[in-house]
Amino acid sequence: MWNNDQKKAIKHMEGPLLIVAGAGSGKTKVVTNRIAHLIDEGIPSTDILGLTFTNKAAKEMRDRVEELTKEDVFISTFHSLGAKILRESIYKIEYKTNFSIFDEEDSLRLLKSCFRSLKKEEKYLKYVKAKISQSKNNLISYENINKDSLISKKDFIFLEIYPFYQKKLKECNAVDFDDLLFLTALLLEKKELRETYQKRWSFILIDEYQDTNFSQYTMAKILSEKHKNIFVVGDPDQSIYSWRGARYENILEFDKDFKNCSIIKLEQNYRSSQNILLASNSLIEHNQNRYKKNLFSYLDEGEKVKIFIAEDEKLECDFVIKKILEQDKERAIFYRTNAQSRIFEDILIKKKIPYIIYGSISFYQRKEIKDILAFLNLIISDDDFISFSRTINLPKRGIGKTTLLKFLELKEKNNLSLFSLCQKILKEKNLIKITKKQKESFSEYLSLIFRLRDFYEKNKHIDEIILYFLKNSDYLDYLKEDPDTYEERKENIDELIKKAATFEGDLYKFFEEITLLTTNEVSEKKYSLKLMTIHNSKGLEFDEVFIVGMDEGLFPHENCKDEIEEERRLCYVGMTRAKKKLYLTCSLKRFLHGKERIARPSRFLKEISKKYVENLSEREIRNSFYVEDRVFHKTFGIGVVKRVYNTFYGDTYDVFFEEENQIRSLIAKYAKLEKY
DNA sequence: ATATAACGTCTTTTT
DNA sequence: GACGTTATAT
Ligand SMILES: Nc1ncnc2c1ncn2[C@@H]1O[C@H](COP(=O)(O)OP(=O)(O)OP(=O)(O)O)[C@@H](O)[C@H]1O
């Protein structure tokens with residue numbers, strides 16, 4: 001059943017191998033089976049390292065390998081691998097090995113407090129955050145920044161904040177997501193460690209290689225430098241993470257890094273019907289910057305790709321739901337942005353159709369969960385300002401921004417740990433200006449933390465610590481203040497307790513797992529309908545796929561105008577997930593910033609070759625104006641489109657201008673008409 | 001100095 | 001339509 005190229009890849013033993021292959025050609029399947037083959041050939045499973053980009057992909061591969069071989073192979077994300085290496089060796093760069101991992105929210109809070117401490121304008125927060133992340137992804141530490149190119153005001157702020165932020169992270173005994181790669185790569189550059197880890201895994205396999213960024217690339221390169229048994233698979237057309245530093249060039253330059261590598265191409269698609277595959281190919285061919293591929297399928301022709309142009313969002317949604325109700329199948333709805341899931345959720349709940357959402361806010365990012373974890377974190381950490389500032393005012397104790405800032409300044413001056421300072425404040429009088437009430441509740445808070453610590457000394461069962469916390473604090477009462485959400489939050493807390501009760505490992509491990517695990521497999525039951533962003537759909541496949549919200553401006557997204565090819569790749573990824581049926585929908589009106597606005601079909605709909613498409617709506621697939629659209633022209637004023645037709649010059653409109661009371665013919669390319 | 005209510009603002013995508 | 005910021009009351 002394998003084709004020859006697949007066979008060659010699976011049987012490959014030593015030396016570097018690159019597989020470049022299109023969607024649905026069996027890349028992931030080949031990686032999995034090659035691992036099984038290595039084990040069959042007598043390679044110890046502990047010598048093998050498999051790397052993926054999402055926890056879900058890692059778990060899936062682990063499960064499939066276990067099915068095939070009954071062995072437990074270390075398959076993880078780059079980030080989890082980083083966490084593992086850092087736990088063992090981070091002390092070499094003066095961190096403690098029991099560090100905690102800050103998620104996106106925590107690091108943003110910390111960065112914000114850095115801005116406040118250094119009195120910087122917070123409007124640059126986002127810029128600096130991106131800049132720090134970018135630097136770490138490119139393995140540039142704050143000592144090594146090339147200052148010459150940084151001349152703007154926001155860059156000066158970045159220059160000041162980056163080292164400060166890094167120092168504060170260390171003070172909190174924490175690393176952020178980017179550090180998991182950045183610090184790991186730095187560690188691996190140290191000779192003695194490098195040699196240790198190079199011996200640890202003698203066969204390395206990487207899936208979705210087109211999405212490696214520089215730090216991941218460096219990790220992979222160093223780890224396999226000695227034995228050169230590196231096996232990577234990827235598809236440049238599916239590179240969709242350039243915004244977080246991914247370079248698909250890594251795949252094209254693989255043969256430079258690993259001389260004499262073997263290269264295998266897989267060109268047969270085993271997933272999609274002819275129509276779906278050819279439609280997808282016809283779209284991706286619009287990318288200029290790309291190597292041509294010859295991807296084919298022997299599967300049935302199947303149905304044409306269905307395009308539906310709805311008059312408004314509600315009708316778009318109704319269309320999808322109606323199709324879903326027709327029969328029970330393995331289905332998914334994809335969208336460009338998380339916010340788009342809302343309308344669908346509303347209807348699905350109303351119609352009692354079971355569904356599951358991937359991504360967006362994961363279980364562990366919910367407020368109530370993070371609050372409790374922050375309290376627990378204070379048991380084992382003495383200087384985590386983020387957990388402290390998160391919990392100090394829960395429930396409200398009248399300690400806000402200003403007091404916290406003063407607190408921080410005092411801490412800086414006295415060079416004390418957080419809790420030493422707390423005790424000092426309670427003992428000595430006029431250290432800090434606080435009211436009697438504030439002081440009382442502050443003391444209450446501290447005593448809660450110390451009681452938790454005492455309890456932890458005697459009892460390390462995480463579920464029991466949480467129960468003890470709930471019993472001894474007013475946290476639940478605080479949640480009851482919002483009765484609408486209380487029930488749900490309480491249920492989530494119960495879920496957390498359940499998780500804690502069955503968890504094997506200490507509190508540190510518990511935190512690590514929870515921070516790195518963004519998806520909660522808790523609810524992974526047999527839901528046939530799945531909702532997710534297209535980014536989240538990578539690597540998956542479904543019988544029927546709906547890609548919704550295909551409006552110009554939403555997909556391709558307004559903010560990605562200069563990354564149009566990546567948007568197109570994203571669309572390609574989404575389309576190629578479908579096995580049997582593919583629906584692409586858009587709406588002519590869309591709610592944006594609280595107002596309903598006119599929207600137009602995405603250019604991608606137009607770019608797909610008509611041969612493979614069936615339009616289910618009355619409307620033509622056009623991403624310009626329709627008859628009766630109101631438009632604005634800067635000389636002629638406001639008008640109404642009366643006729644749309646094609647001339648030698650392309651799309652042409654007859655527009656009736658109110659002011660002049662006459663019709664003018666305008667050529668789309670030249671007349672700069674705007675929607676009005 | 002904090003808590004709350006009203007106001008204005010701008011939305012990508014993830015580990 | 002969520003979010004953060006600012007004005008106002010406490
Ligand atoms: N030789 C084969 N015979 C039959 N089915 C196959 C064969 N190879 C792969 N497949 C099937 O094709 C589908 C796609 O495989 P897989 O997910 O591994 O592809 P992929 O290249 O990783 O896809 P993508 O890059 O689009 O995520 C799977 O359902 C797989 O079982």
Side-chain angles (χ1 to χ4, degrees), chain A residues 51-58 76-83 101-108 112 121-123 125-126 130 133 136-137 175-182 184 208 211-213 215-216 239-246 313 334-343 346 358-362 364-365 392-393 395-407 432-435 437-438 441 481 512 514-519 532-538 549 553-563 566-567 569-571 573-574 590-597:
Chain A
L51 289 170
T52 63
F53 281 82
T54 64
N55 296 296
K56 198 154 166 286
S76 84
T77 61
F78 274 96
H79 287 84
S80 303
L81 172 67
I101 300 167
F102 273 5
D103 69 7
E104 214 51 28
E105 191 196 347
D106 299 329
S107 21
L108 194 66
K112 213 174 203 168
E121 288 171 82
E122 285 180 36
K123 67 173 170 185
L125 203 66
K126 255 218 216 115
S133 176
K136 288 183 179 180
N137 283 158
V175 303
D176 66 16
F177 274 140
D178 294 320
D179 282 338
L180 291 175
L181 309 174
F182 171 64
T184 305
E208 311 277 15
D211 281 322
T212 42
N213 63 29
S215 54
Q216 292 164 327
S239 162
I240 54 177
Y241 284 104
S242 75
W243 50 274
R244 75 176 198 208
E313 280 180 299
F334 301 160
Y335 33 78
R336 175 68 237 266
T337 67
N338 283 308
Q340 288 169 258
S341 68
R342 235 197 115 82
I343 335 166
D346 287 349
Y358 286 99
S360 68
I361 295 167
S362 90
Y364 301 113
Q365 288 169 339
I392 181 72
N393 219 16
K396 301 227 171 347
R397 291 185 176 79
I399 297 169
K401 260 206 307 229
T402 327
T403 317
L404 270 177
L405 192 61
K406 267 199 251 163
F407 192 92
I432 198 166
K433 248 205 285 181
I434 51 175
T435 62
K437 249 212 184 107
Q438 279 179 320
S441 54
E481 282 171 24
E512 175 171 325
I514 278 176
T515 330
L516 289 179
L517 226 71
T518 42
T519 45
M532 65 190 85
T533 61
I534 310 177
H535 281 90
N536 263 317
S537 78
K538 198 163 72 158
L554 189 55
F555 190 29
H557 199 278
E558 196 64 41
N559 300 359
C560 302
K561 283 205 184 101
D562 29 330
E563 288 287 359
E566 177 149 320
E567 293 285 292
R569 290 196 292 269
L570 188 59
C571 188
V573 168
R590 188 146 322 257
F591 267 96
L592 212 70
H593 324 295
K595 255 213 181 85
E596 190 166 58
R597 283 152 200 270

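Throughout, protein chains are lettered first and strands after them, A, B, ... in sequence-line order, and every chain is numbered starting at 1.
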Sequence-distant partners of A:T77, side-chain hydrogen bond (donor to acceptor under 3.5 Å, both in side chains), two or more places apart = A:S80
Candidate nucleotides [options], ranked by approach to the side chain of [X] - the nearest:
X	options	result
A:E122	B:dT12, C:dT5, C:dA2	C:dT5
A:K112	C:dT5, B:dT14, B:dT12	C:dT5
A:T337	C:dA2, B:dT15, B:dT13	B:dT13
A:F177	B:dT15, B:dT14, C:dA2	B:dT15
A:E567	B:dT15, B:dT14, B:dT12	B:dT12
A:C560	C:dA2, B:dT15, B:dT12	B:dT12

By the 4.0 Å heavy-atom rule, please label [X] as base, sugar-phosphate, or nothing.
X	result
A:F591	nothing
A:T54	sugar-phosphate
A:F555	nothing

May I ask you to evaluate whether [X] reaches the phosphate of [N], defined as a side-chain N or O under 4.0 Å from OP1 or OP2?
X	N	value
A:T533	B:dT14	yes
A:N536	B:dT14	yes
A:N338	B:dT12	no

Value in whole Å for how far the [atom2] atom of [N] lies from [atom1] of [X]:
X	N	atom1	atom2	value
A:H557	B:dC10	NE2	P	15 Å
A:E512	B:dT15	CD	C1'	13 Å
A:L570	B:dT14	CG	P	10 Å
A:N559	B:dT12	CG	P	6 Å
A:E208	B:dT14	CD	C1'	13 Å
A:L125	C:dG4	CG	C1'	11 Å

If the C1' atom of B:dT13 is compared with that of C:dG4, how far apart are they to the nearest Å?
-> 22 Å
Between [Y] and [X], is there a side-chain heavy-atom distance shorter than 4.5 Å?
X	Y	value
A:W243	A:E563	no
A:R569	A:S239	yes
A:T52	A:E208	no

Can you find a donor-acceptor N/O pair under 3.5 angstrom joining the side chain of A:H79 to the base of B:dT15?
-> yes
Give a yes/no verdict on base stacking between B:dT13 and A:W243: centres under 5.5 Å, planes within less than 30° of parallel.
-> yes
Kindly assign one of parallel, tilted or perpendicular to the pair A:H79 and A:F177, based on the angle between their ring planes and the thresholds 30° and 60°.
-> perpendicular
In Å and rounded to the nearest 0.5 Å, what is the CG to OH distance from A:D103 to A:Y364?
-> 13.0 Å
Comparing A:R244 and A:K126 on DNA chain B - which has the more 5′ nearest nucleotide = A:K126
